[in-house]
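These values consider heavy atoms only, across backbone and side chains, with no hydrogens, waters or symmetry-generated copies.
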Amino acid sequence: MSAALQLMAFGLALFSTLFLLLATCTDCWMVNADDSLEVSHKCRGLWRECVTNMQDGVRTCDQYDSILADHPVKIVVTRTLLITADLLAGLALAMMLLGLDCIKFLKEDPCVKLKMCYGAGVILGIGSILGLVGSVWYAVDVYMERAMLVSRNIFLGVYYDFGWSCWLGMAGSTGCFVVSVLLTCCLY
C-alpha cells in the first residue's frame, strides 16, 4: 500500500511541478475579456506582453524592459513567489524520488527513506503555499483592477480577465499541496 501511495504521490507531484514551471514561464496570466470589438487577442504575463492578430494569427511579443526595472508590485511578488515555489518543488521532487521504496538508494535503511519522503512532503507543502499565494495574489489584483474601472465607469477599451497561466499556477500549487498532505499525513 505504501509503495502504491508513494508512486501515485510522485506522479502527481511531477505533473504539479510541471504545471508550476509552465505557469512561471508562460505569458498569459491576463487575457483581454472583451473580445466583441477586438481583432486581436492580448495576453500579459510575468515576463512579457503578447498580442495575437485573430485574422492572420501573427503573434508579436514585447519583453519587459529588464528584470531589475521598476515593475508593478503584482508582477514582482508573483515572480518571486513562483520562482521560489518552483525551486522548492524541484528539491522536494528529487528528495521524494530518492525516498521511494522502489529506488535502491539507501535500501538497507527504510527509516531514512521514510524521513526523506516526509521531508519532501514538508518542502512541497511550503512550495505549494507560496505558489498558491502568488497565483491568487495576481488573480485578486486583476479582479480588483477590473472592479475599480467598472465601479468608476471607466472604459479603456480592454478589460482583462484571468489567463490560463494563472489557472495553471493555481492547479499546480493545489496538486503540490495534495501531495504534501499525502506524504506528511497518510504515508505512515
Check: residues 13-26 side-chain donor-acceptor pairs under 3.5 Å, at least two apart:
from	atom 1	to	atom 2	distance (Å)
S16	OG	L12	O	2.8
T17	OG1	A13	O	2.7
T24	OG1	L20	O	2.9
T24	OG1	D86	OD2	2.7
T26	OG1	L22	O	2.7
T26	OG1	S165	OG	2.5

Please report, to 0.1 Å, the donor-acceptor pairs under 3.5 Å made by any side chain of residues 90-100, with sequence neighbours excluded.
none

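Screening W167, F162, W29 against S135 for a side-chain contact (heavy atoms from CB on, under 4.5 Å) leaves a single residue, W29.
Atom CD1 in I75 sits 9.5 Å away from atom CG in D141 (nearest 0.5 Å). Y118 OH to C185 SG: the interatomic distance, rounded to the nearest 0.5 Å, is 7.5 Å. Separation of atoms CG (L183) and CG (L5) is listed at 7.0 Å; rounding is to 0.5 Å. Note: D27 CG to L46 CG = 9.5 Å, rounded to the nearest 0.5 Å.
Contact check for K115 versus V112: no side-chain heavy atoms found under the 4.5 Å cut-off. Using a 4.5 Å heavy-atom threshold, the side chains of M30 and K74 count as touching. Between Q6 and C117, the closest side-chain pair of non-hydrogen atoms falls below 4.5 Å.
The side chain to side chain contact (heavy atoms under 4.5 Å, CB included) test applied to C43 returns C28, V31, H41, not counting sequence neighbours. Contacts of Q55 classified as side chain to side chain contact (heavy atoms under 4.5 Å, CB included), with partners at least two apart in sequence or in another chain: V39, N53. Every residue two or more places apart in sequence or in another chain that forms a side chain to side chain contact (heavy atoms under 4.5 Å, CB included) with L81 is listed here: V77, L130, V133. Residues passing the ring-ring contact (aromatic ring centres under 6.0 Å, His included) test with W137: none are found, sequence neighbours excluded.
Hydrophobic clustering of Ile, Leu, Val, Met, Phe, Trp and Tyr side chains at less than 4.5 Å, counting indirect connections, keeps W164 apart from Y143. In the hydrophobic clustering of ILVMFWY residues, with side-chain heavy atoms under 4.5 Å counting as a link, V142 and L132 come out together. Hydrophobic clustering (side-chain heavy atoms under 4.5 Å, transitive across Ile, Leu, Val, Met, Phe, Trp, Tyr) keeps L168 apart from V140.
A salt bridge is defined here as a Lys NZ or Arg NE, NH1 or NH2 lying under 4.0 Å from an Asp or Glu carboxylate O, and R44 with D62 fails to meet this definition.
Nearest heavy atoms, G131 versus A85: N-CB, 3.6 Å.
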>> Please determine whether side chain to side chain contact (heavy atoms under 4.5 Å, CB included) holds for the pair V179 and M8, giving the CA-CA distance in whole Å, both sets of side-chain angles, and the decisive distance to 0.1 Å.
In response: CA-CA 9 Å; V179 172; M8 184 184 71; over 6 Å; no
